[in-house]
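Report on the structure given below.
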Amino acid sequence: MADWRQKMSNISKTKGDSAPENAKRAGMGCLIGLIVITAILTLVMAIGLFTNAHWVIGGFTLLFSLASIGTVLALAWPHRPKPL
């Protein structure tokens, strides 16, 4: 338990460019997960708006959902990790 606390305090004391790769991957995974949830929910909202004949706001919602999906694809694209 003390080892885990020491690792967490070391991570919290570092700057963003010197964080361990595992912490960077975990942070990016959480960010991608939140954006995926947002994209799915806005896509469902857009479909609901289109079925109720709300074309204008449904179009804006669909564009936002497509932008969210594009962001997820850009973030999920494999990047070369920076060595510490």
Side-chain angles (χ1 to χ4, degrees):
M1 187 71 169
D3 183 44
W4 181 79
R5 287 182 184 164
Q6 183 63 34
K7 286 181 183 179
M8 293 306 291
S9 71
N10 287 344
I11 290 172
S12 65
K13 290 177 186 175
T14 61
K15 295 180 182 173
D17 57 347
S18 63
E21 283 299 317
N22 291 340
K24 290 179 187 178
R25 268 188 258 127
M28 286 302 290
C30 290
L31 178 65
I32 289 173
L34 289 174
I35 297 174
V36 165
I37 291 169
T38 303
I40 291 170
L41 290 176
T42 54
L43 185 63
V44 169
M45 287 172 50
I47 291 170
L49 288 167
F50 281 131
T51 58
N52 289 327
H54 297 287
W55 302 104
V56 176
I57 195 72
F60 286 122
T61 308
L62 183 63
L63 287 175
F64 183 81
S65 179
L66 292 175
S68 298
I69 292 169
T71 304
V72 167
L73 292 176
L75 288 175
W77 196 264
H79 298 290
R80 198 172 79 210
K82 288 173 37 177
L84 294 178

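Cluster partners of Leu73 are Ile69, counting Ile, Leu, Val, Met, Phe, Trp and Tyr whose side-chain heavy atoms approach within less than 4.5 Å, directly or via other members.
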Using atom types as modelled, flag every donor-acceptor pair under 3.5 Å from a side chain in residues 33-41 to any protein atom, sequence neighbours excluded.
unit_1 : atom_1 : unit_2 : atom_2 : d
Thr38  : OG1    : Leu34  : O      : 2.9

Let me check something: any side-chain donor-acceptor pairs from residues 45-62 under 3.5 Å, sequence neighbours excluded? List them with distances.
unit_1 : atom_1 : unit_2 : atom_2 : d
Thr51  : OG1    : Ile47  : O      : 3.3
Thr51  : OG1    : Gly48  : O      : 2.8
Asn52  : ND2    : Gly48  : O      : 3.3
Thr61  : OG1    : Ile57  : O      : 2.7

